[in-house]
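Below you'll find the structure, written out as C-alpha cells, and then a few comments.
In listed order, ligands and their atoms are each counted from 1.
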Amino acid sequence: MGLNTSHLITVFNAFNHYCTLTEIQEFSSGHINDTYLIRTTGQQYFVLQRINAEVFKNVPELIANKVKVSTHLISKLPELPIEEKHRRVLTFLPTKTGAYYHQDEFDQFWNLTYYISNSISYDTVTNKEIAYEGGKLFGKFISQTRDFDASELVEIIPDFHNVPIRLLQFKHAKQKASAERIRKTSTERLRVEALKEEMVILQHLKDEGKIPTRVTHNDTKISNALFDKNDKGLCVIDTDTVMPGIVHNDFGDAIRTICNIAAEDEQDLSLVKFNVVYYEAYLKGFLEELRDSLSDLEIQYLARGAKTIIFIMGLRFLTDYLAGDVYYKTSYDAHNLDRAKNQFKLIESFEEQYEAILKISKKYSRSSI
Ligand code: GN1
Ligand code: MG
C-alpha cells in the first residue's frame, strides 16, 4: 500500500496519544507489513504498522499475543522508570475505544507502538561484540518468558517452522509452477532433496516431546534487535510471530542473519560466507542468559537448529518463487530466487566449516563446563 498521508493521519488519530502528527516516513525493511515512523509536534515519535492480513489471518489474536508478551516482559522490570521500560520493551498504545488495534474502513488492521529513539539496528553484523550482545538480548527474551504459559499464545501462523509442512508447500508450489521457474530452480530443488532428511530431525524431536515448546519470537533476524548507542542490547522488536516454538528457531534465525556477512538477498554469492567467529560470540551471549533454562539435548542441537532455520528460509523463498511471488514483498522478478540461492550458499559455507562449529559447540556444551 502506498503512502496516503491523509489516511495515515486518520488511522494515527484513532489511537489514544494526544499528539499531533507532523511528519510520516515509510520504513523500507520488512517483507510482510507496512511500517511508518511518525513524528509529532511534541517531538514524540511512534511506529504505525499496517498488519498484512493476507499473511496473518487472525489479526486480533496476533495483537493479543504481542500485547500479552510485552506486558509480561514489562513486569520483569519493576524498578525502571516508565520511559526506560518503553525503551526496553515494545509498548503498544490502545485506540480511543480501548482495543490495541484499529480496523479502518478498508478492513486494514493497524497497531501503534512508541518509537525507541537513540537506538541502532543492524542488517548485517561487522563485529563480534554485536553478535555477543545480540545473543544476550535474544537469550534474555526466552529466559524472561520462561514463566509465561506458552499455551496462552495462539499459534498465529500454524507450522511456521515445521519442515515437513514447508516441504509439502514446496511440493504443491512445484506442481503449479511455470515451466520457466521450474527450469530456473533446478540447482536449488536438488539442494532441497539432498538436505531434507537431515532437516526434519528437529521437528521429529519436537513431535516426540524430547524438545520442549517455549515462548519463542520466531523472527530473530538481527535487524529485529535494537542496540543503544554503546552497542548494548536494548529491545527486541517485531513480535508478530511470537508463539509457542522451540529454542532452535530463535537461535537459528539470529545465526542465519548474524553469521551471513552478506545481506539476505546479496546476488554475488562469493560474498555469502558463514562467519564462525560471530557464531561463537552469539552462542556465548545466548547461553550466558539461557544456559540454566535449557536441557542438554536442546543445547546439543543448537548448531543443527541454525542449519535448519537457514534451510527453512531457503525453502520458503524458493517456494514463493515457484508460486509466483505471492507471499514476500519483492523488488524485482527473481528476488525470491536470489534470496533462496543466498540461503543455500550460506548452508554450503556452514557445512564447509562444520568442524570448527562442532568444536565451538563442544566448548559450550554443559559437560565441558
Ligand atoms: C519475514 O517481514 P519480516 O521481514 O519481519 C518473515 C520471516 C522471515 C523474514 C525473512 C511472517 O519477516 O519469517 O524470516 O521475512 N515473516 C513472516 O527476512 O513470514
Ligand atoms: Mg517479522
Which of the numbered atoms in ligand 1 are below 4.0 angstrom from a heavy atom of [X]?
{"X": "Arg256", "result": "10 (C), 14 (O), 18 (O)"}
{"X": "Phe56", "result": "11 (C)"}
{"X": "Met313", "result": "8 (C), 14 (O)"}
{"X": "Gly30", "result": "2 (O), 4 (O)"}

If you have a sec, work out which protein heavy atom is nearest [atom] and how many Å separate them, to one decimal?
{"atom": "atom 17 (C) of ligand 1", "answer": "Tyr327 OH, 3.3 Å"}
{"atom": "atom 4 (O) of ligand 1", "answer": "Lys221 NZ, 2.6 Å"}
{"atom": "atom 12 (O) of ligand 1", "answer": "Asp219 OD2, 3.4 Å"}
{"atom": "atom 13 (O) of ligand 1", "answer": "Arg316 NH1, 2.9 Å"}
{"atom": "atom 2 (O) of ligand 1", "answer": "His31 N, 2.8 Å"}
{"atom": "atom 16 (N) of ligand 1", "answer": "Ile32 CG1, 3.8 Å"}

For Lys66, which of Thr239, Thr71, Asn111 qualifies under side-chain hydrogen bond (donor to acceptor under 3.5 Å, both in side chains)? Asn111

Tell me, please, which residues at least two apart from Asn33 pass side-chain hydrogen bond (donor to acceptor under 3.5 Å, both in side chains). Asp240

Quick one: does [X] get an N or O within less than 3.5 Å of an N or O on ligand 1?
{"X": "Thr241", "answer": "no"}
{"X": "Asn33", "answer": "no"}
{"X": "Glu264", "answer": "yes"}
{"X": "Phe160", "answer": "no"}

Mind checking whether Asn224 contacts ligand 1 via backbone (N, CA, C, O), side chain (CB onward), both or neither, at a 4.0 Å heavy-atom cut-off? neither

Would you check whether Arg339 reaches within less than 4.0 Å of ligand 1, judged by its heavy atoms?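 It does not; every heavy atom stays at 4.0 Å or beyond.
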
So is Asp240 close enough to ligand 1, meaning a heavy atom under 4.0 angstrom away?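 For ligand 1, residue contact (heavy atoms, under 4.0 Å) with Asp240 is absent.
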
If you apply the rule salt bridge (charged side-chain N to carboxylate O under 4.0 Å, His left out), what do you find for Asp149 with Lys68, and how did you get there? CA-CA 11 Å; Asp149 180 3; Lys68 276 184 199 167; over 6 Å; no

Mind counting the protein N, O or S atoms sitting less than 2.8 Å from the Mg ion (ligand 2)?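 The number of such protein atoms is 2.
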
Test salt bridge (charged side-chain N to carboxylate O under 4.0 Å, His left out) on Asp268 and Lys345; report intermediate values, then the result. CA-CA 10 Å; Asp268 179 351; Lys345 174 68 201 296; over 6 Å; no

Flag the pair [X] / [Y] as yes when at least one side-chain heavy-atom distance between them is below 4.5 Å, and no otherwise.
{"X": "Phe251", "Y": "Leu283", "result": "yes"}
{"X": "Phe160", "Y": "Arg166", "result": "yes"}
{"X": "Val242", "Y": "Val215", "result": "yes"}
{"X": "Glu198", "Y": "Arg304", "result": "yes"}

Are a donor atom and an acceptor atom from the side chains of [X] and [Y] found within less than 3.5 Å of each other?
{"X": "His72", "Y": "Glu152", "result": "no"}
{"X": "Asn342", "Y": "Arg339", "result": "no"}
{"X": "Arg256", "Y": "Gln343", "result": "yes"}

Salt bridge or not for Glu288 and Lys284, using N-O below 4.0 Å?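 Between Lys284 and Glu288 there is a salt bridge, with a charged N closer than 4.0 Å to a carboxylate O.
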
With Glu280 as reference, evaluate Lys359, Lys363, Lys128 under the salt bridge (charged side-chain N to carboxylate O under 4.0 Å, His left out) test and give the passing residue. Lys363

Assess the pair Tyr114 and Phe46: is the distance between their ring centroids shorter than 6.0 Å? yes

